[in-house]
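These numbers were taken from a predicted model, which means no experiment stands behind them.
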Amino acid sequence: MPKPRPAKRIEPAAPPGDFRAAVLAVVARIPEGSLASYGQVALLAGFPQRPRQVGMVLSGLPEGTDLPWHRVVNTQGYVPSRGRWWGAFEQIARLRDEGIAVDDQGNLDLEAHRWDGADRAPKTAAKRLGTKKKA
């Protein structure tokens with residue numbers, strides 16, 4: 001009798017090689033004082049079903065990177081800290097430095113600071129700065 005073959009594990013399809021580059025390009029465009037969710041970054045990068053992979057790309061960035069990774073938060077309006085509380089503290093500090101109110105648990109008002117994907121400051125930032133949005 002033949003020996004049974006072990007079951008082959010089926011891995012989910014990995015995003016194409018340009019996924020990382022697309023995510024980093026979107027994150028680089030998020031203006032100071034603005035926020036985007038992981039899902040929003042995935043959508044703008046052209047991969048709407050990959051918000052978790054966006055988080056994986058950002059968590060793998062080298063220390064000291066100039067990329068504004070701290071402007072990407074959970075869609076429910078908080079800085080995720082599971083398994084990386086030291087990074088959450090740094091993210092909260094950076095967001096506060098940009099004028100975004102974040103409580104000590106990492107909760108914030110995402111909608112008040114949500115980036116619209118354009119290469120300009122969102123209307124809420126214009127209001128905070130006392131300037132008018134050009135039509």
Side-chain angles (χ1 to χ4, degrees):
M1 176 171 240
K3 190 175 189 179
R5 293 183 1 190
K8 184 177 179 184
R9 182 175 174 174
I10 299 173
E11 296 291 334
D18 61 347
F19 174 79
R20 184 176 190 278
V23 166
L24 298 179
V26 170
V27 173
R29 293 175 39 220
I30 303 171
E32 184 176 334
S34 298
L35 300 170
S37 69
Y38 293 100
Q40 182 181 359
V41 170
L43 179 67
L44 291 170
F47 301 88
Q49 301 300 317
R50 304 269 187 202
R52 287 187 182 187
Q53 285 81 1
V54 168
M56 291 167 50
V57 167
L58 297 181
S59 69
L61 290 173
E63 191 172 324
T65 182
D66 290 335
L67 195 75
W69 58 269
H70 59 281
R71 298 177 187 151
V72 183
V73 298
N74 183 285
T75 193
Q76 296 171 337
Y78 68 88
V79 173
S81 60
R82 185 174 57 176
R84 57 175 206 92
W85 54 269
W86 56 92
F89 289 144
E90 181 176 347
Q91 187 170 9
I92 289 169
R94 287 181 179 208
L95 292 173
R96 287 176 177 167
D97 287 346
E98 292 186 7
I100 298 174
V102 186
D103 70 16
D104 291 338
Q105 286 75 42
N107 297 302
L108 48 83
D109 187 354
L110 173 59
E111 293 311 315
H113 301 280
R114 187 183 289 272
W115 176 50
D116 64 4
D119 287 325
R120 58 177 166 63
K123 62 182 178 181
T124 55
K127 286 180 185 176
R128 282 194 317 272
L129 297 173
T131 59
K132 291 185 179 180
K133 181 181 165 189
K134 293 182 181 180

Look up atom [atom1] in [X] and atom [atom2] in [Y], then write down how far apart they are to the nearest 0.5 Å.
X	Y	atom1	atom2	value
L58	Q53	CG	CD	12.0 Å
H113	E98	NE2	CD	10.5 Å
W69	E90	CH2	CD	4.5 Å
R96	H70	CZ	NE2	13.5 Å
I92	I100	CD1	CD1	12.0 Å
I30	W115	CD1	CH2	5.5 Å

Exercise. Do any N or O atoms from the side chain of T65 and from the backbone of P62 form a donor-acceptor pair under 3.5 angstrom?
Worked result: no
For this session: Determine yes or no for a side-chain-to-main-chain donor-acceptor pair under 3.5 angstrom, with N74 supplying the side chain and Y78 the backbone.
Result: no
Membership question, hydrophobic clusters at under 4.5 Å side-chain separation (ILVMFWY): are [Y] and [X] in the same one?
X	Y	result
F19	L43	no
V57	F47	yes
V27	M56	no

Exercise. How about S37 and R114: do any of their side-chain heavy atoms sit closer than 4.5 Å?
Worked result: yes
Exercise. Does T75 reach the side chain of Y38, with side-chain heavy atoms less than 4.5 Å apart?
Worked result: no
Problem set entry | Worked verdict on V73 versus Q91 for side chain to side chain contact (heavy atoms under 4.5 Å, CB included) | CA-CA 9 Å; V73 298; Q91 187 170 9; 3.8 Å; yes
Seminar exercise, completed: Hits for side-chain hydrogen bond (donor to acceptor under 3.5 Å, both in side chains) against D109, two or more places apart or cross-chain, chain-then-number order -> none
For this session: Could you list the residues that satisfy side-chain hydrogen bond (donor to acceptor under 3.5 Å, both in side chains) with R52, not counting sequence neighbours?
Result: none
For residues [X] and [Y], report the shortest heavy-atom separation together with the two atoms involved.
X	Y	answer
A45	A22	O-CB, 3.7 Å
P51	A42	N-CB, 3.9 Å
P68	A28	CD-CA, 4.1 Å
L61	R20	CD2-NH2, 4.1 Å

For this session: Please indicate whether D66 has more than 12 foreign heavy atoms, meaning atoms of other residues, nucleotides or ligands, lying under 6.0 Å from its CG.
Result: no
